[in-house]
Amino acid sequence: MKFYVTTPIYYVNDRPHIGHVYTTTIADILARYHRLCGDDVFFLTGTDEHAAKVVDSAVERGLTTQQWADQNAQAFQDTFAKLGLSNDDFIRTSQPRHKDKVQQYVGELLKTGDVYLGEYEGWYDAGQEEYLPENKAKEYEYKSPFNGKPLVRKKEKNYFFRLSKYAEPLLKLMEENPRFVQPDVRRNEVMKRIREGLNDVPITRTGVGEWGIKVPGDAEHTIYVWIDALINYLSTVDTPERIKYWPADVHLLAKDILWFHAVIWPAMLMALKRPLPGQVYAHGFWIAEGQKMSKSLGNFVDLEKIDRHVAEYGLDSLRYFLAAYGPLGANDSDFAEAKFISVYNSELANDLGNLVNRALTMITRYRSGNVPSANQMDLQADAERVCAVYQQKMSSLDLGGALEAWRGLVTRANRYVEETAPFKLAKQPEQSARLDAVLYNLAETVRLLSVLVAPVMPGISRQIREQLGIGEKIGGIGEELRWGGLVAGGKVGKLAPLFPRKI
Ligand code: MSP
């Protein structure tokens with residue numbers, strides 16, 4: 001099977017922060033999971049470069065717009081590379097391969113009449129570069145809900161997208177396929193707003209200079225940055241070699257930009273007569289130490305802070321924290337230092353680290369490092385149940401649930417050590433077969449844990465497997481998750497603590 005996952009393409013004006021790193025990390029985990037399942041994966045991220053503010057900031061810095069965009073796009077690419085994110089491509093909307101396709105698709109829509117020339121007047125939020133419908137503008141007292149600045153009454157000749165035509169098809173889609181927009185609360189919000197009515201939307205602006213993509217055949221009009229940006233998901237794979245990946249299986253994003261993804265984008269695809277994505281998943285937000293992250297508070301979990309966490313606790317610990325306690329689902333999550341440290345110490349250093357260390361140390365000490373064979377499979381049923389739950393949770397994007405199941409197996413195995421007390425068995429020669437069984441059950445559970453955790457903590461998974469004396473490479477998930485895969489007689493490797501303890 002193929003699996004195509006996307007992240008939003010990030011505004012090239014911002015410096016990367018935990019929000020961008022989060023969505024991209026979650027996409028990375030899904031990509032790695034599906035690769036493990038043997039799927040043909042395409043994982044896409046990139047930068048959204050044609051916003052008007054990019055032009056302004058470049059001027060302020062005495063750079064050309066392209067130079068400024070290049071610098072910042074590079075910062076995103078460097079950050080993602082440093083964090084080991086395994087995206088298969090990085091699309092920049094200023095690249096010709098994207099611009100050509102945008103013109104092609106808009107050209108198609110002009111032909112069918114789904115895009116037409118008209119006049120628009122409305123309340124414009126300059127900071128967001130979007131018009132607000134009258135009722136919303138009134139609700140916010142004609143001020144931007146994002147930065148509080150007054151909305152501007154603006155009138156312009158524009159090309160419009162015939163969104164009104166797609167209200168019914170969109171509702172039908174969401175009714176028939178409840179998984180199309182997730183989580184459910186978000187889906188309900190979107191459907192409620194569609195039922196309130198959909199107007200045609202302007203998709204071009206005039207007088208914005210050379211930066212951006214022109215309407216084919218009408219160079220006075222520049223395609224609105226959001227329309228340009230959404231198209232990246234298709235433009236990147238609309239080549240003979242890559243079109244097999246379309247439609248995307250999951251568009252990952254946060255709730256701030258759900259409307260564009262759940263309504264405008266599928267309507268555009270309907271108009272283009274292209275297959276629709278499998279799912280639009282809008283997660284919540286990270287806040288920092290209990291407060292919304294904002295420019296004015298200057299409290300972003302920024303790159304410097306991310307680097308510090310990676311240096312101190314390791315990249316995989318950060319990934320684990322993001323996946324286990326992040327805002328997948330409807331709620332926001334708090335990036336709090338104390339919580340991070342406590343998760344690191346208890347779930348990673350104490351529970352997982354100790355289990356691996358105890359199991360392998362005992363094999364080294366009592367069996368000269370050779371994995372014994374077992375005549376009883378005490379942990380098999382528990383392990384199999386956890387593997388099944390984990391797979392089901394991963395497929396439904398419940399990473400927190402998958403890791404909770406995984407943790408359940410760690411806890412079960414640690415309890416098993418207490419219950420069976422191998423250190424006592426080791427002193428009783430007549431219990432030798434029993435000790436063999438206990439050690440095998442532990443080692444095999446550790447092996448399964450290394451497979452399950454590979455998408456989230458690839459480095460830790462590799463280390464566990466090296467210490468267990470099995471190849472770091474993981475085969476197909478079906479085979480790997482079969483109990484009994486660890487061969488008796490194998491030799492464990494050199495042991496080292498996985499997670500040095502922190503105060
Ligand atoms: N350029 C548009 C997206 C176009 S996609 C066709 C954009 N860019 S953005 O740089 O503002 O990125 C927004 C996305 O970054 C969110 O949807 C989310 O994926 C991520 N995050 C930004 N801040 C976030 C948090 N505080 N918490 C979690 N993720 C958030 O919008």
Side-chain angles (χ1 to χ4, degrees), residues 5-28 30 44-54 57 69 72-73 75-76 79-80 85 90-94 98 101-102 125 127-130 146-147 186 203 212-213 223-236 248 250-266 268-269 277 280-295 297 299-303 305-306 321-323 325-336 397 399:
V5 58
T6 69
T7 73
I9 48 172
Y10 304 109
Y11 283 131
V12 79
N13 235 16
D14 293 337
R15 300 246 307 137
H17 61 66
I18 194 74
H20 313 125
V21 167
Y22 175 67
T23 312
T24 317
T25 299
I26 297 303
D28 180 73
L30 294 178
L44 180 65
T45 188
T47 39
D48 181 358
E49 310 195 355
H50 290 138
K53 52 191 167 193
V54 180
S57 342
N72 289 348
F76 275 93
T79 300
F80 293 166
L85 298 170
F90 189 98
I91 182 73
R92 299 183 51 194
T93 54
S94 64
H98 171 75
K101 292 285 174 194
V102 172
D125 182 339
Q128 289 298 109
E129 297 188 36
E130 73 179 326
F146 293 92
N147 60 18
R186 299 282 102 82
I203 60 153
I213 307 174
I223 295 165
Y224 176 45
V225 64
W226 260 106
I227 299 298
D228 161 355
L230 287 165
I231 286 176
N232 90 87
Y233 302 129
L234 178 59
S235 67
T236 310
V250 187
H251 289 311
L252 264 184
L253 43 129
K255 57 189 177 184
D256 54 340
I257 56 176
L258 178 59
W259 182 255
F260 291 103
H261 286 81
V263 175
I264 314 273
W265 179 229
M268 281 169 65
L269 289 166
V280 174
Y281 191 102
H283 61 70
F285 280 130
W286 280 102
I287 58 170
E289 305 292 344
Q291 276 186 308
K292 187 174 177 278
M293 290 190 284
S294 73
K295 288 222 171 84
L297 286 173
N299 64 341
F300 275 98
V301 176
D302 57 12
L303 275 189
K305 191 154 182 190
I306 293 169
F321 183 73
L322 295 180
Y325 296 102
L328 269 184
N331 299 324
D332 292 347
S333 293
D334 192 9
F335 197 99
L397 253 75
L399 268 52

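Each ligand, and each atom within it, is numbered from 1 in the order the structure gives.
- Scanning the protein for heavy atoms near atom 25 (C) of ligand 1, the closest one is F285 CD2, 3.2 Å.
- Look at K255 and you'll find every heavy atom at least 4.0 Å from all atoms of ligand 1.
- Ligand-side atoms of ligand 1 in range of M293: 26 (N), range being under 4.0 angstrom from any heavy atom.
- Among protein heavy atoms, atom 31 (O) of ligand 1 sits closest to I257 CG2, 3.6 Å.
- For ligand 1, the polar-atom distance check against I9 finds a nitrogen or oxygen pair separated by under 3.5 Å.
- Taking the centre of each ring, H50 and Y11 stay at or above the 6.0 Å mark.
- Taking a cut-off of under 4.0 Å to the non-hydrogen atoms of D48, the atoms of ligand 1 that pass are 1 (N), 2 (C), 4 (C).
- Checked against a 3.5 angstrom limit, the closest N/O atoms of T23 and ligand 1 fall inside it.
- If you look at D256 next to ligand 1, the close heavy atoms, those under 4.0 Å, all belong to the side chain.
- For ligand 1 and H20, the ligand atoms under 4.0 Å from any heavy atom of the residue are 10 (O), 15 (O).
- The ring of F335 has its center no closer than 6.0 angstrom to the ring center of Y325.
- Here's the thing with Y22: none of its N/O atoms is less than 3.5 angstrom from an N/O atom of ligand 1.
- At least one N/O-N/O distance between W286 and ligand 1 falls below 3.5 Å.
- Between the side chain of N147 and the main chain of G127, no donor-acceptor pair closer than 3.5 Å is present.
- Less than 4.0 angstrom separates some heavy atom of A229 from each of these atoms of ligand 1: 6 (C).
- The CD1 atom of I9 sits 10.0 Å away from the CD1 atom of I231 when rounded to the nearest 0.5 Å.
- Between the S235 side chain and the H98 main chain, no donor and acceptor come within less than 3.5 Å of each other.
- Where the criterion is an N or O separation shorter than 3.5 Å, residue side chain and backbone included, P8 fails it with respect to ligand 1.
- Between the choices G46, A254, A27, the shortest heavy-atom distance to atom 18 (C) of ligand 1 belongs to A254.
- Within ligand 1, the atoms closer than 4.0 Å to a non-hydrogen atom of H261 are 5 (S), 6 (C), numbered from 1 in the order shown.
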Please assess Y10 against T45 for the test side-chain hydrogen bond (donor to acceptor under 3.5 Å, both in side chains), listing each intermediate value before the final yes or no.
CA-CA 8 Å; Y10 304 109; T45 188; 4.6 Å; no

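- Contact between D334 and F321 at its shortest, heavy atoms only, is O-CZ, 4.2 Å.
- Note that CZ of F285 is 6.5 Å distant from NZ of K292, once rounded to the nearest 0.5 Å.
- Between F80 and H20, a ring centre-to-centre spacing not shorter than 6.0 Å is recorded.
- Ligand 1 places these atoms under 4.0 Å from at least one heavy atom of G284: 28 (C).
- Close approach of ligand 1 to H17 (heavy-atom distance below 4.0 Å) involves ligand atoms 22 (C), 23 (N).
- The ring of Y22 has its center closer than 6.0 angstrom to the ring center of W286.
- Among protein heavy atoms, atom 30 (C) of ligand 1 sits closest to G19 CA, 3.6 Å.
- Distances below 4.0 Å separate heavy atoms of H283 from the following atoms of ligand 1: 19 (O), 28 (C), 29 (N).
- For Y281, the ring pair (Phe, Tyr, Trp, His ring centres under 6.0 Å) criterion is met by no residue, not counting sequence neighbours.
- Qualifying salt bridge (Lys or Arg N to Asp or Glu O under 4.0 Å) partners for D28, counting only residues two or more places apart in sequence or in other chains: R32, R319.
- Only the side chain of Y233 comes within contact range of ligand 1, with a heavy atom under 4.0 Å; no backbone atom does.
- Under the 4.0 angstrom criterion for non-hydrogen atoms, W226 is in contact with ligand 1.
- Closest to atom 12 (O) of ligand 1 among all protein heavy atoms lies Y10 CD2, 3.6 Å.
- Using the six-membered ring where Trp is involved, W226 and H261 have ring planes that are perpendicular, over 60° apart on the 30 and 60° scheme.
- Taking distance alone, with nitrogen or oxygen atoms compared against 3.5 Å, Y11 approaches ligand 1 more closely than that limit.
- For the pair H251 (side chain) and Y233 (backbone), a donor-acceptor distance under 3.5 Å is absent.
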